[in-house]
Protein chains: 2
Amino acid sequence: MSYTITAVDRALALLETLAEKPGIGVTEIAHLTGNTKSLVFRLIYTLERRGYVIKDPSTRTYTLGYRPLYLAANAHDQFAVLRAAEPFLDVLATRCDGNVNLLVRDGLNSVCIAVRETPAPADLYAKVGRRGPLHVGGGPKILLAFAPAELLEELLASPLERFTDATIVDPAALRRKLEEIRAVGANESHGDLDPEAYSFAAAIRDAAGEVVATVSIAGLNATLTDEKSNSYRRFVRDTAQRISAALGYRPKLRAAV
Amino acid sequence: MSYTITAVDRALALLETLAEKPGIGVTEIAHLTGNTKSLVFRLIYTLERRGYVIKDPSTRTYTLGYRPLYLAANAHDQFAVLRAAEPFLDVLATRCDGNVNLLVRDGLNSVCIAVRETPAPADLYAKVGRRGPLHVGGGPKILLAFAPAELLEELLASPLERFTDATIVDPAALRRKLEEIRAVGANESHGDLDPEAYSFAAAIRDAAGEVVATVSIAGLNATLTDEKSNSYRRFVRDTAQRISAALGYRPKLRAAV
DNA sequence: AACTGTGCTTCATTGACTGAAACAATGACG
DNA sequence: CGTCATTGTTTCAGTCAATGAAGCACAGTT
C-alpha cells in the first residue's frame with residue numbers, strides 16, 4: 001500500500017459503494033466494504049459533515065450528497081473537451097438510434113465522461129465513469145492508437161484479455177490495427193467486446209493536435225443496416241471534426257501535389 | 001472535532017481547493033490548505049490512485065480527475081428533481097435574460113444544484129454547489145417556508161445576518177413572510193442579498209406533495225422592467241408547475257364551493 | 001413484553017498518520 | 001555552462017489519532 005493513506009482510501013471506497021447502492025444504512029455499508037460498523041459510522045459522519053453524503057434521519061439510510069456535484073461542476077469547467085462536446089453530442093443523439101459516448105483515456109483505461117442514451121437499447125452500455133480496457137471497442141482502440149508508445153508496451157506486457165471471438169488478442173495484429181487507426185483517425189468494431197454490439201468511433205483532437213477523446217455511436221447489431229452503417233460512420237467523423245474545431249484544432253494542410 | 005476523522009477531512013478539503021484552483025502543485029496546495037508538503041503529497045497520491053485527481057507529469061501540477069464525474073452521475077440519478085428539471089430549465093433560460101437557478105435545501109443552507117447562465121450578466125451569481133443562507137433571496141426563503149418547523153426555530157436561535165437594508169432580520173417579520181410564501185407557493189426578492197439584484201422563485205413539489213426544490217430567475221435590477229417582472233413571475237411559476245408534474249405531483253383539488 | 005436488529009457511544013491499544021529534515025530533480029539565471 | 005533556488009519525493013521516528021471490541025439505547029416485529 002506504499003504511500004496511500006488508508007483512512008482516505010476507505011472513505012473514497014465508501015463513497016463509491018454508496019454511489020452504486022444508494023439508500024443503505026451503516027451495517028450494510030460495513031458489510032459491503034468489509035469494515036467494522038464503528039469505522040463506517042465515523043467515516044460517513046465526516047463525509048456527511050462535508051456534504052458528500054446525506055442522511056435520511058427517518059430511515060437512517062444514506063445517499064450521496066450535493067458536494068460531488070460541485071466537484072464535478074468544477075471538473076467540468078476544466079475539461080474543455082466535455083464542455084465543447086456536449087452540444088454536438090446532443091445533436092448526434094437525435095440523428096441516430098444508438099448510444100452516443102464520449103471517452104477519454106486515463107492511464108491504462110478508457111473512461112466514459114458523457115453519454116447520450118437513446119430510448120431504444122437497454123442501458124447495458126456505458127455509464128458516466130465507467131472504465132474499460134483499451135484494446136477492445138471502437139473508441140478505446142483509438143485512444144490506444146494515439147497514446148504514448150511506452151503505454152502500448154506496458155499494456156502488451158501482460159496478455160490481452162479475450163472477450164469474444166472477435167477480440168484482438170495477438171499483439172502483432174493489434175499493432176497493425178492501431179497503425180491503421182492512426183492513418184484514418186477513426187475506427188469501428190463489431191462484436192469484439194459484446195458479441196451483439198457494434199461501435200463507430202472517431203478521434204477528437206485539441207488545439208495542439210493531440211487526440212484527447214473519442215466520440216462513438218454504439219448499438220446492437222440486430223438493429224444495424226448497411227444504410228445506417230454508412231451514415232453513422234459519416235456522422236461520427238463529422239461530429240468529431242466539429243468538436244475538434246471547437247477546441248481550436250486546425251487540420252494541417254497537406255502540401256498540394 | 002468530535003467524530004470526524006481528520007485524514008479524510010483534510011483529503012476532502014484538498015479536493016475542494018483543487019476544484020477552486022486547478023492546475024497547482026504540491027507546495028501551493030500545502031500553502032493553501034495549511035498542511036505540510038509531505039502530507040499533501042501523500043493525500044494527493046491516494047486521491048490520484050483512485051482517479052479523483054490527475055497529475056500532469058510534465059508540469060507536475062494537479063487537476064480534478066474523472067471519478068467525481070462518476071459520483072455526480074450517480075448522485076444525479078437519485079436526484080430525481082435535477083433530472084426532471086433540466087429540460088425545463090433549458091427552456092426557461094431561452095425565455096429570459098436572467099440566470100436560472102435550481103436550489104435545494106441541505107440542513108440550514110440552500111445549495112445550488114443547477115444553473116443556466118445567460119450571456120448578459122456576470123457570473124457573480126450562483127455556481128453549482130454554492131451554498132447560502134435560507135433567510136435571504138427568492139428561492140431560499142421558499143425552502144425555509146416549507147422546511148420542518150423545528151428547523152426554523154433552530155435558525156432563529158442565532159440572529160439573522162444582515163446583508164443589505166432590505167434583508168429581513170426581525171424574526172417576527174420573517175415568520176409573517178414565510179406564512180405568506182406558504183400561501184402562494186412563490187416568492188420574489190429585491191435586493192435583500194445583493195442590493196442590485198432581483199430574484200423570482202417558485203416551489204417545486206414531488207409526488208408526495210413535499211416542496212423539494214425551487215426554480216428562480218435572478219438578475220440585475222437595472223435590467224428589470226415592469227413588463228419583464230410580470231412575465232418572469234409567470235414563467236417561473238409555470239416551469240415550477242411543469243417540473244412538479246414531471247415528478248408526479250398532482251395538485252389537490254379544492255372542494256368546489 | 002421479550003427480542004432481534006439497528007445506529008450510536010465509549011474506551012484502550014497499537015499502528016498509522018504526520019512533521020521535520022534530508023534528498024533528487026528540475027528549471028532559472030547569470 | 002555552472003550555480004542556485006525551488007519543486008517534488010523519500011526517509012524516519014514519535015505520538016496522536018484511527019481503529020476494533022464491546023456495550024448501550026432505541027425502534028420495529030412477533
Side-chain angles (χ1 to χ4, degrees), chain A residues 1-65 106-107 148 150 208, chain B residues 1-18 20-65 78 106-107 148 150 154:
Chain A
M1 265 265 183
S2 65
Y3 274 65
T4 51
I5 119 170
T6 49
V8 175
D9 207 56
R10 285 198 247 239
L12 297 176
L14 196 160
L15 270 183
E16 289 172 22
T17 56
L18 209 51
E20 277 158 29
K21 266 201 129 188
I24 57 181
V26 171
T27 17
E28 187 166 3
I29 297 174
H31 196 254
L32 286 174
T33 57
N35 292 319
T36 59
K37 279 197 299 174
S38 29
L39 177 52
V40 168
F41 176 72
R42 279 174 295 226
L43 286 171
I44 217 165
Y45 178 84
T46 70
L47 289 171
E48 191 198 353
R49 283 179 64 97
R50 285 218 169 245
Y52 286 81
V53 302
I54 292 179
K55 169 204 241 166
D56 180 345
S58 63
T59 65
R60 287 194 257 170
T61 57
Y62 294 88
T63 47
L64 286 183
D106 184 24
E150 315 88 78
Chain B
M1 264 267 180
S2 63
Y3 274 65
T4 51
I5 119 170
T6 49
V8 175
D9 207 57
R10 285 197 248 240
L12 298 176
L14 196 159
L15 270 183
E16 290 173 21
T17 56
L18 209 52
E20 278 158 28
K21 267 199 128 189
I24 57 180
V26 171
T27 19
E28 187 165 2
I29 297 174
H31 196 254
L32 285 174
T33 57
N35 292 318
T36 58
K37 278 198 299 173
S38 28
L39 176 53
V40 168
F41 176 72
R42 279 174 296 227
L43 286 171
I44 216 163
Y45 178 85
T46 70
L47 289 171
E48 190 198 355
R49 283 179 63 97
R50 287 216 168 246
Y52 286 81
V53 302
I54 293 179
K55 170 203 241 166
D56 180 344
S58 63
T59 64
R60 286 195 257 170
T61 57
Y62 294 88
T63 48
L64 287 183
Q78 55 189 280
D106 184 24
E150 315 88 79
E154 194 183 338

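Letters A, B, ... are given to chains in the order of the sequence lines, protein chains preceding strands, and every chain is numbered from 1.
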Give the rounded distance in Å between these two atoms: [atom1] of [X] and [atom2] of [N].
X        : N       : atom1 : atom2 : value
Leu39(A) : dG15(C) : CG    : C1'   : 14 Å
Tyr45(A) : dC8(C)  : OH    : P     : 11 Å
Glu28(B) : dT6(D)  : CD    : C1'   : 13 Å
Ile29(B) : dT7(D)  : CD1   : P     : 13 Å
Asn35(A) : dA18(D) : CG    : C1'   : 12 Å
Ile24(A) : dT6(C)  : CD1   : C1'   : 14 Å
Asp56(B) : dT7(D)  : CG    : P     : 17 Å
His31(B) : dT7(D)  : NE2   : P     : 10 Å

Taking the minimum atom-to-atom distance to the side chain of [X], which one of [options] wins?
X        : options                   : value
Ala7(B)  : dA21(D), dT26(C), dT18(C) : dT18(C)
Ile5(B)  : dG8(D), dA18(D), dA21(C)  : dA18(D)
Tyr62(A) : dT9(C), dA20(C), dC8(C)   : dC8(C)
Phe41(A) : dC8(C), dT19(D), dG19(C)  : dC8(C)
Arg10(A) : dT19(D), dT11(D), dT18(C) : dT19(D)
Thr6(A)  : dT10(D), dT19(D), dA27(D) : dT19(D)

> What is the nucleic acid contact for Thr27(B), judged by heavy atoms within less than 4.0 Å: base, sugar-phosphate only, or nothing?
Replying inline: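 Sugar-phosphate contact only - Thr27(B) comes under 4.0 Å of backbone atoms but never of a base.
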Rounded to the nearest 0.5 Å, what separation is found between the [atom1] atom of [X] and the [atom2] atom of [Y]?
X        : Y        : atom1 : atom2 : result
Glu16(B) : Tyr52(A) : CD    : OH    : 3.5 Å
Asp9(A)  : Leu47(B) : CG    : CG    : 9.5 Å
His31(B) : Ile29(B) : NE2   : CD1   : 13.0 Å
Lys55(B) : Thr61(B) : NZ    : OG1   : 10.0 Å

>> Here's a test of your reading of the structure: between Arg42(B) and Lys37(B), which maps to the more 5' nucleotide of DNA chain D?
In response: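 It is Lys37(B), whose closest nucleotide lies nearer the 5' terminus.
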>> If you compare every side-chain N and O of Lys55(A) against the phosphate oxygens of dC8(C) (OP1, OP2), does one of them come in below 4.0 Å?
In response: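 Yes, Lys55(A) has a side-chain N/O under 4.0 Å of OP1/OP2 on dC8(C).
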>> Other residues, nucleotides and ligands only: do more than 12 of their heavy atoms fall within 6.0 Å of CZ on Arg49(A)?
In response: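 No - once you tally the heavy atoms of other residues, nucleotides and ligands closer than 6.0 Å, there are 12 at most.
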